[in-house]
There are 2 protein chains.
Amino acid sequence: MTTSKKDLFSAAQVALAEFAGALAHPARIAIIGFLQSRGEASCGEIVAALPLAQPTVSQHLQSLNRVGLLHVRPEGARVSYSINCEALRDFCHSFQCTLGTGDAAEPANRSAQAMAEAI
Amino acid sequence: MTTSKKDLFSAAQVALAEFAGALAHPARIAIIGFLQSRGEASCGEIVAALPLAQPTVSQHLQSLNRVGLLHVRPEGARVSYSINCEALRDFCHSFQCTLGTGDAAEPANRSAQAMAEAI
DNA sequence: ATCGTATATCGCCAATATACGATTTTAGAT
DNA sequence: ATCTAAAATCGTATATTGGCGATATACGAT
């Protein structure tokens with residue numbers, strides 16, 4: 001990319017792309033699945049469950065958190081992570097409703113509204 | 001990345017990540033939105049609508065097509081593209097139903113089943 | 001066969017993402 | 001204050017992605 005062209009697209013389009021980008025790695029899918037099955041987990045517990053080093057997992061958690069996909073609850077030195085289901089649902093909704101497939105519920109927050117405008 | 005770790009994750013996880021990756025660029029979100037509003041369009045018409053060169057748009061179309069997001073219909077030299085709504089709906093479903101948010105319909109094809117298994 | 005138009009592919013470079021060892025930061029325990 | 005454990009950040013190596021000019025390919029028309 002000679003020059004980054006992200007500024008040539010709308011903020012809503014960029015936001016939606018960034019959300020999708022947060023899901024665009026098998027490790028992050030695995031983290032979401034692990035958190036889903038566990039309800040919540042610390043970084044260390046996720047490291048133990050995945051074939052990746054601690055800094056790498058921490059990095060992936062930041063990627064997910066940056067787009068609002070996680071609930072983060074510090075418990076002393078330990079940090080408890082869990083899924084923000086709302087954000088995930090709203091992301092899906094922004095695709096479904098604008099594509100007229102009809103079976104999604106109403107969006108629940110602001111970022112979903114922005115995303116829906118993107119497409 | 002010293003060594004690619006994609007082989008350390010399940011095929012379903014990789015598939016889901018690749019699908020998300022296809023949505024992870026503002027230009028591809030814009031293409032989806034354009035196709036949605038138009039119903040169908042040729043590569044050239046998309047090029048005219050976006051601030052990108054023809055090879056770049058063609059490349060993005062390949063990215064979307066690789067994960068099954070497009071219907072491709074050649075009409076002589078021209079190629080007509082449109083959205084595979086089914087694929088997009090199934091992608092969203094695989095997140096929604098496994099997260100237990102409940103408001104998604106049943107998946108309609110095989111790739112959705114694979115995706116649902118990922119998480 | 002040649003031309004004109006539409007699309008895809010190639011080749012190269014710039015930019016971004018991924019991975020992780022080493023280090024720092026944070027917080028509880030002693 | 002010091003020790004320990006957990007998590008985040010830094011630095012750096014490597015891999016992947018994005019952009020586009022040049023070129024190749026496909027196809028209808030002449």
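Because the structure is predicted, anything quoted here is derived from the model rather than measured.
- One N or O on the side chain of B/Arg28 and one on the backbone of B/Gly21 form a donor-acceptor pair closer than 3.5 Å.
- The interatomic distance linking A/Leu64 (CG) with D/dA8 (C1') rounds to 15 Å, in whole Å.
- Within 4.0 Å of B/Ser42, counting heavy atoms only, lie sugar-phosphate atoms of the nucleic acid but no base atom.
- Within the 4.5 Å cutoff, the side chain of A/Leu35 has heavy atoms near those of the A/Ile46 side chain.
- Minimum atom distance to the side chain of B/Leu52 is reached by D/dC20, of the listed C/dT26, C/dA6, D/dC20.
- Between A/Leu61 atom CG and D/dT9 atom P the separation is 11 Å, expressed in whole Å.
- Contact of the B/Val67 side chain with the B/Phe91 side chain is not registered, since no non-hydrogen atoms from C-beta on lie closer than 4.5 Å.
- Proximity of B/Thr56 to the phosphate of D/dG18: no side-chain N or O atom is located under 4.0 Å from OP1 or OP2.
- Side-chain N/O atoms of A/Tyr81 include one lying less than 4.0 angstrom from OP1 or OP2 on D/dA8.
- If you take CD of B/Glu45 and C1' of C/dT5, they are 14 Å apart, rounded to a whole angstrom.
- When both pairing distances are held under 3.5 Å, D/dA6 makes a Watson-Crick or G-U pair with C/dT25.
- Distance from the side chain of B/Ala77 is smallest for D/dA26 among the nucleotides C/dA27, D/dC20, D/dA26.
- Distance, A/Ile31 CD1 to D/dA7 P: 13 Å, rounded to whole Å.
- Distances from the side chain of A/Ala53 to the nucleotides D/dC20, C/dG21, C/dA8 place C/dG21 closest.
- Counting only heavy atoms from C-beta outward, the side chains of B/Leu23 and B/Ile32 approach each other to under 4.5 Å.
- Separating the CZ atom of B/Arg66 from the P atom of D/dT17 is a distance of 8 Å, rounded to the nearest angstrom.
- Side-chain atoms of B/Gln59 stay outside donor-acceptor range of the base of D/dG18, with no qualifying N/O pair under 3.5 Å.
- For the pair A/Leu70 CG and D/dA7 C1', the interatomic distance rounds to 14 Å; values are reported in whole Å.
- Distance B/His60 NE2 to D/dG18 C1': 6 Å, rounded to the nearest Å.
- Among the nucleotides D/dA7, D/dA8, C/dT9, the one closest to the side chain of B/Ser58 is C/dT9.
- Between A/Pro55 and B/Arg78, the residue anchored nearer the 5' end of DNA chain C, judged by the nucleotide with its closest heavy atom, is B/Arg78.
- Judged purely by distance below 3.5 Å, without hydrogens or angles, the side chains of B/Ser80 and B/Glu40 pair a donor atom with an acceptor atom.
- Nucleotide D/dG28 forms a Watson-Crick or G-U wobble pair with C/dC3, both donor-acceptor distances falling under 3.5 Å.
- With hydrogens and angles left out, the side chain of A/Gln54 and the base of D/dA8 share a donor-acceptor pair within 3.5 Å.
- When distances are taken from the side chain of B/Cys43 to each of C/dT7, D/dA6, D/dA26, the shortest belongs to C/dT7.
- The shortest heavy-atom contact between B/Ala87 and B/Phe19 is O-CZ, 3.6 Å.
- Protein atom CG of A/Leu50 is 11 Å distant from nucleotide atom P of C/dA19, rounded to whole Å.
- Which of C/dT5, C/dT7, D/dA8 sits closest to the side chain of B/Val79 comes down to C/dT7.
- Here C/dA19 is the nucleotide among D/dA8, D/dA7, C/dA19 with the atom lying nearest to any side-chain atom of A/His25.
- Residue whose closest nucleotide on DNA chain C sits further toward the 5' end, between A/Glu75 and A/Ala24: A/Ala24.
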